There are 2 protein chains.
Amino acid sequence: MVKKETYSISELAKEFDVTTRSIRFYEDQELLKPTRRGQTRIFSSKDRVRLKLILRGKRMGFSLSETKELFDLWDETLSGNEKQLLLMLDTLSRKRAQLEQQKNDIAMAEMEMDTAEARCREALADLEKRKKEQKMPANEEESTAAEQR
Amino acid sequence: MVKKETYSISELAKEFDVTTRSIRFYEDQELLKPTRRGQTRIFSSKDRVRLKLILRGKRMGFSLSETKELFDLWDETLSGNEKQLLLMLDTLSRKRAQLEQQKNDIAMAEMEMDTAEARCREALADLEKRKKEQKMPANEEESTAAEQR
DNA sequence: GATAAAGTTTACGTAAACGTAAAGTATTTG
DNA sequence: CAAATACTTTACGTTTACGTAAACTTTATC
């Protein structure tokens, strides 16, 4: 028994936690091309893969038309036309540059989140210290210091 | 002379390659809070930093309201309220998880682009070989092999 | 054989993030 | 001082990516 060949719309919806509306919309935009049994959609494992790619693309900030463009380009490379192959290579290298930019952005964001977190923890530690001073005041003078800030 | 304190809307627009419309929209959504000289906006270097963060957020797939939420949270931590500090820390850790997901997504995408590129290059190499065989056919038999695929 | 469950089409609605005039004010420059 | 330049507000338009409801058909279940 192989991996399973076909899927219903609700199976895919459940597996990837999207609405059937979204899946139908992706078909409408020609990102998915299910066959039909009667009027019911039947999704292939290729469709399943593409749905996964669509959702990953979204998480990376790609629009549906960007993703569709990649799908179409890839399909055309399978026809083995030289021009298409070169176009695909060019597109790939542009996408790579985009991913590099994103990796930079993420790295910067992580650094800034590090310093932000550190400051938060410092501020919290300060608050704890004040609490203790409140509970066990060694010196009576300036017990209202916190309010003076 | 320090870094420069204030900026006009068009200065920022030019520097970050966005329209003035976008900048005004960000102010409308309360992500930027320029002061005014008369009715003209005057942006501080803090605004400049925030604009940079907004744009980076966009490249990372963040919505404006997500970014605004972070700005607001950060501002509130400066008031030193314990509850706000804890909320900020929690939010930061959720964002970190999100960035981890994105890094995974990017890594997967890069791998797939690697194999896609390899296949393209193979296909191109094949085409080159056929061209040479066409030009200098060592054996006459089966010269129409390419057409038979 | 009724009814629920899962599927369908059609179509209007909506939030986000601006684009694009239109019409006016303020400032700079020849 | 006239014309160009930069800025403003108001407001309707547009694209993307679906949400939501209505009305209907097909298949499974009791």
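Treat the numbers as computed from the prediction; the structure is a model and nothing was measured. Residue numbers start from 1 in every chain, and the chains themselves are labelled A, B, ... in the order their sequence lines are given, proteins ahead of strands.
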Output yes when at least one side-chain N/O atom of Ser10(B) is less than 4.0 Å from OP1 or OP2 of dC7(D), else no.
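So the side-chain polar atoms of Ser10(B) do come within 4.0 Å of the phosphate oxygens OP1 or OP2 of dC7(D), strictly under.
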Does Arg36(B) place a side-chain N or O at less than 4.0 Å from the phosphate oxygens OP1/OP2 of dT9(D)?
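For dT9(D), OP1 or OP2 has a side-chain N or O of Arg36(B) closer than 4.0 Å.
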Assess whether a salt bridge exists between [X] and [Y], defined as any Lys/Arg side-chain N lying under 4.0 Å from an Asp/Glu carboxylate O.
X         : Y         : result
Arg121(A) : Asp126(A) : no
Lys95(A)  : Glu117(B) : no
Arg56(A)  : Glu112(B) : yes
Lys103(A) : Glu100(A) : yes

Checking [X] now: which residues fulfil side chain to side chain donor-acceptor pair (under 3.5 Å) with it, not counting sequence neighbours?
X        : value
Glu11(A) : Lys4(A)
Glu15(A) : Arg48(A)
Ser65(B) : Ser63(B)
Glu30(A) : none

With [X], which residues qualify under side-chain contact (heavy atoms from CB on, under 4.5 Å), at least two apart?
X        : answer
Arg24(B) : Ile9(B), Thr20(B), Arg41(B)
Asp75(B) : Lys46(B), Arg50(B)
Asp90(B) : Ser93(B), Arg94(B)

Between Asp47(B) and Lys52(B), does a salt bridge (Lys or Arg N to Asp or Glu O under 4.0 Å) hold up when you go through it step by step?
CA-CA 9 Å; Asp47(B) 287 316; Lys52(B) 195 185 292 189; over 6 Å; no
Which residue, Val18(B), Leu64(B), Leu32(B), Thr19(B), forms the side chain to side chain contact (heavy atoms under 4.5 Å, CB included) with Phe25(B)?
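Per the side chain to side chain contact (heavy atoms under 4.5 Å, CB included) rule, the option paired with Phe25(B) is Leu64(B), out of Val18(B), Leu64(B), Leu32(B), Thr19(B).
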Of [range], the positions that come close to DNA chain C - non-hydrogen atoms, cut-off under 4.0 Å:
range                     : result
residues 47-58 of chain B : Lys58(B)
residues 18-26 of chain B : Thr19(B), Arg21(B), Ser22(B), Phe25(B), Tyr26(B)
residues 63-70 of chain B : Ser63(B), Leu64(B)

Using whole Å, report how far [atom1] of [X] lies from [atom2] of [N].
X        : N       : atom1 : atom2 : result
Ile9(B)  : dT5(D)  : CD1   : C1'   : 15 Å
Arg37(A) : dT25(D) : CZ    : P     : 19 Å
Tyr7(B)  : dC7(D)  : OH    : P     : 16 Å

Quick check for you: name the first and last nucleotides of DNA chain C, 5' to 3', having an atom under 4.0 Å from a heavy atom of chain B.
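The contact span of chain B on DNA chain C goes from dA17(C) to dT20(C).
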Transitive ILVMFWY side-chain link Leu55(B) to Leu31(B), under 4.5 Å
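As far as the 4.5 Å side-chain criterion goes, Leu31(B) and Leu55(B) are connected within one cluster.
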Taking atom types as modelled, find out whether Gln101(A) and Asp105(A) have a side-chain donor-acceptor pair closer than 3.5 angstrom.
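Distance-only check passes for Gln101(A) and Asp105(A).
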Between residues 38-46 of chain B and DNA chain D, which residues have a heavy-atom gap below 4.0 Å?
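Those residues are Gln39(B), Thr40(B), Arg41(B).
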